[in-house]
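All of these numbers come straight from a predicted model, not from anything done at the bench.
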Number of protein chains: 2
Amino acid sequence: MAKTTITINDIARDLNVAPSTVSRALNNSNKISEKTKDLIRDKAAELGYDLNMVASSLSRKQTNIIGVMVPSVNRHFFSQVVSGIEDLAYDAGYRIIIAQTNELAEREKDILTLFNSTRVDGIIACLSLETSDVTHFSKILKNGIPLVLIDRVSYELDCPKIVVDNHEGAFQAVSHLVRSGCKRIAHLGGPMGCPVFKERSKGYLDAMQKAGLPIHAKYHLSTDLSTRDVQEAMKVWLSMPETPDGIFTSDSHTGLVAAKIATEAGIRVPEEISFVAFGDDPAHEYITPSLSSIEVPGNEMGRSAMQLILEQCLGESIDVQTIIKPIQLIIRSSSFR
Amino acid sequence: MAKTTITINDIARDLNVAPSTVSRALNNSNKISEKTKDLIRDKAAELGYDLNMVASSLSRKQTNIIGVMVPSVNRHFFSQVVSGIEDLAYDAGYRIIIAQTNELAEREKDILTLFNSTRVDGIIACLSLETSDVTHFSKILKNGIPLVLIDRVSYELDCPKIVVDNHEGAFQAVSHLVRSGCKRIAHLGGPMGCPVFKERSKGYLDAMQKAGLPIHAKYHLSTDLSTRDVQEAMKVWLSMPETPDGIFTSDSHTGLVAAKIATEAGIRVPEEISFVAFGDDPAHEYITPSLSSIEVPGNEMGRSAMQLILEQCLGESIDVQTIIKPIQLIIRSSSFR
DNA sequence: CTGAAAGCGCTAACAG
DNA sequence: CTGTTAGCGCTTTCAG
């Protein structure tokens, strides 16, 4: 650490007051005269004093640190979430430590114990794709640490959750394809072990059914979100006698890849095949044709999660269980016909 | 915190040994018999003990936390950087706290004092666009806290820096445009207050000069990285009697926008105008035509920065001052003719 | 309004 | 190999 870290004792000695007085003055306690407060503040500034949060945390049993766990920060959605969390945290005087699960359940557990060791005041987490057992989270809850789940949540856990209506979003996306004239609508889903993707698939199915459109097993494929899986699915679909004339993907990245494959195969989008993807990403706007999407408000979700954590940290009792953030269908060229 | 946090004293009492023995055993000190170690570890597991890092940090005067400061995590490059940092940090048993400057010098200062309060063991920072005075960083250095600057650095600061050769990258990009037959190459620069963008502009100018191509002031515009500025620049260029036949942008986002504007104006890319952008972003590959770029290895830069921090934390003396990471010209459709 | 004293939970000499 | 004793720097009763 610093060469010669200066402490409240140093400034207490210089001023001939007790360390406790210094502490109180610096914390702006209302039972210290303005005069001594000023004296102490001046001296503190003069010596370049700066609070040792570690000591303060130990004493107060509160760190003002929030643990944030996401699959990976380098995916647009999660970076939005983290950004939103940080903004609010910063303003509230909290710091965030972030950790990536890389979609590994094992790492998720490790991170949780790490957070616990760090004595974070709260945790915001998005479950990994692998996660099915959530007892490690129950332990957190039992310890009384505020927890807010975000996007990929588990309803087994008794804590606030910030989500979007995946079923509704998928339903809207597919209904939009139906309205724009698609008859053979295919669905490229995500990892079905993850509820989020299951819900989106369900939304697809329900929209198809409501529209009275037939559902073929061949039109209902899923991926592990990898480019490779998208390529295989598209190969299947493009070589069918009756190729789909509309494709709804449960994920932004897979949508981008799928649309690109179609375009490069010389297929006219949206005339021959329309595309809508669940999720937003700046690339949706840049590509030609631009890609329609169900926009998920990542930043806003992060902010809400942090807000809820903050309230719990301030001791407010949280009655809210689940906040459903509005999604929005953005119709772009890929499905405008 | 936890309901009944259990401490080393609890397990010491249970086992009739001294707390220090417990501490040593748990830290796997080599001067504790395997027998008592096992005993202690078992008891710790039984009670569900888990180290209080705050207390440990205070005592050891070391937090194992690294402060990471970037303009904004929701920009692809920075999210890559952060991701790289986190990966390495995690493996090394370090945690990272991240803070966004939002390109504000003032906030940068605040964050630094925040990091200082947190007693981070090291800091990785990317300067904000606004930053010109860097005395707040000198203070950090004077305090002996390891600092590594990344991408947007200041050579006034005596610390390791991870950068790319901006001049060279720009030079390569423009030379590539020259080779592919462009004669009227324009440059869309970034905020010139930031050395990074100045270097890229210089690279453009030098490449033009070396190629013996004339440099018109009108062909040399710059932006604040906003979409709006790009629109204005493109309006100017597209309405000129002699429109540019090649455009090099100093930034990924501005490149994406510029290329889109051209495409939408019915201009054939790359035949009529070729594009190359400095910086990578997944969107470069998705758009049609795909956008050529100078790839900047964000993840790798983050890893190197963390590596350097780690070495300094382990007391190794760092003689390295600046690591120049290799950039790579990726030729995609937007400039392939 | 201010001081004295105890303690947060862990680590690190110093003994033995 | 293990115990004793001081702290780390701050906060917080409890007095006065």
Side-chain angles (χ1 to χ4, degrees), chain A residues 1-41 43-44 47-65 93 116-121 143, chain B residues 1-41 43-44 47-65 93 116-121 143:
Chain A
M1 298 205 174
K3 263 192 326 222
T4 336
T5 321
I6 100 110
T7 75
I8 55 171
N9 299 295
D10 297 327
I11 105 162
R13 196 182 332 101
D14 274 27
L15 255 36
N16 253 348
V17 294
S20 52
T21 305
V22 178
S23 172
R24 281 190 276 251
L26 262 18
N27 286 310
N28 203 22
S29 158
N30 52 6
K31 26 186 173 175
I32 293 283
S33 74
E34 279 305 321
K35 213 187 327 175
T36 47
K37 267 190 198 174
D38 284 345
L39 230 55
I40 288 174
R41 282 199 274 249
K43 186 50 106 180
L47 299 185
Y49 169 78
D50 130 280
L51 173 65
N52 184 333
M53 285 287 222
V54 181
S56 174
S57 295
L58 179 60
S59 181
R60 292 181 306 123
K61 291 167 160 302
Q62 182 190 323
T63 54
N64 279 43
I65 296 181
N116 204 36
S117 269
T118 308
R119 297 299 192 258
V120 295
D121 290 345
N143 281 343
Chain B
M1 299 206 176
K3 265 191 327 219
T4 336
T5 320
I6 103 110
T7 75
I8 54 171
N9 299 295
D10 297 326
I11 105 161
R13 195 182 332 102
D14 274 28
L15 257 34
N16 255 347
V17 295
S20 53
T21 304
V22 177
S23 173
R24 281 189 277 249
L26 262 19
N27 286 310
N28 203 20
S29 157
N30 51 8
K31 24 187 176 176
I32 294 280
S33 74
E34 278 307 319
K35 213 187 325 175
T36 49
K37 268 190 199 174
D38 283 345
L39 228 56
I40 289 174
R41 281 198 276 250
K43 185 51 105 180
L47 299 184
Y49 168 79
D50 130 281
L51 174 65
N52 183 333
M53 284 288 222
V54 182
S56 174
S57 295
L58 179 59
S59 180
R60 290 181 307 125
K61 292 167 158 300
Q62 181 189 324
T63 54
N64 279 43
I65 296 181
N116 205 35
S117 269
T118 308
R119 298 298 192 258
V120 295
D121 290 345
N143 282 341

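Side-chain atoms of B:K37 come within 3.5 Å of backbone N or O of B:S29 as a donor-acceptor pair. Between the side chain of B:T7 and the backbone N or O of B:N9 there is at least one donor-acceptor pair closer than 3.5 Å. Without hydrogens or angle criteria, B:D121 side chain to B:Q62 main chain gives no donor-acceptor distance under 3.5 Å. Side-chain atoms of A:S59 never come within 3.5 Å of backbone atoms of A:S56 as a donor-acceptor pair (strictly under, hydrogens ignored).
Within the 4.0 Å cut-off from OP1 or OP2 of D:dT11, at least one side-chain nitrogen or oxygen of A:S23 is found. Contact annotation: B:S33 side-chain N/O to D:dC1 OP1/OP2 distance is not under 4.0 Å.
A 4.0 Å heavy-atom criterion places the boundary nucleotides of DNA chain C facing chain B at C:dG9 to C:dA13, written 5' to 3'.
As judged by a 4.0 angstrom heavy-atom cut-off over every strand, B:S20 is placed among the base-contacting residues. In this structure, A:N16 reaches the sugar-phosphate backbone alone: every heavy-atom distance under 4.0 Å involves primed, P, OP1 or OP2 atoms, never a base.
Straight-line distance from the CD1 atom of B:I8 to the P atom of D:dT5: 16 Å, rounded to whole Å. Between the P atom of D:dG7 and the CD atom of B:Q62 lies a distance of 22 Å, rounded to the nearest Å. To the nearest angstrom, P of D:dC8 lies 9 Å from CG of B:L58. One atom, CG of A:L26, and another, C1' of D:dT12, lie 16 Å apart when rounded to the nearest Å. Distance, A:Y49 OH to D:dG9 C1': 8 Å, rounded to whole Å. Taking atom CG on A:N9 and atom C1' on D:dT11, their separation rounds to 12 Å, with Å as the unit. Between the CG atom of A:N27 and the C1' atom of D:dT12 there is a distance of 11 Å, given to the nearest Å. One interatomic measurement links the two molecules: NZ of A:K31 to C1' of D:dT11, which rounds to 12 Å at whole-angstrom precision.
Counting atom types as modelled, B:R24 pairs a side-chain N or O with a base atom of D:dG3 as donor and acceptor under 3.5 Å.
Taking every side-chain heavy atom of A:R60 into account, D:dT11 is the closest of D:dG9, D:dT11, D:dC14. Considering only side-chain atoms of B:V17, the nucleotide from D:dC10, D:dC1, D:dG3 that sits closest is D:dG3.
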Verdict with supporting geometry, A:S117 and B:N52, side chain to side chain contact (heavy atoms under 4.5 Å, CB included)
CA-CA 5 Å; A:S117 269; B:N52 183 333; over 6 Å; no

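With sequence neighbours left out, the salt bridge (charged side-chain N to carboxylate O under 4.0 Å, His left out) criterion links B:R41 to B:E34, B:D38.
Projected onto DNA chain D by closest heavy-atom contact, B:T36 and A:S59 fall at different nucleotides, the more 5' of which corresponds to B:T36.
Electrostatic pairing of A:R119 and B:D50 counts as a salt bridge here, judged by a charged N lying under 4.0 Å from a carboxylate O.
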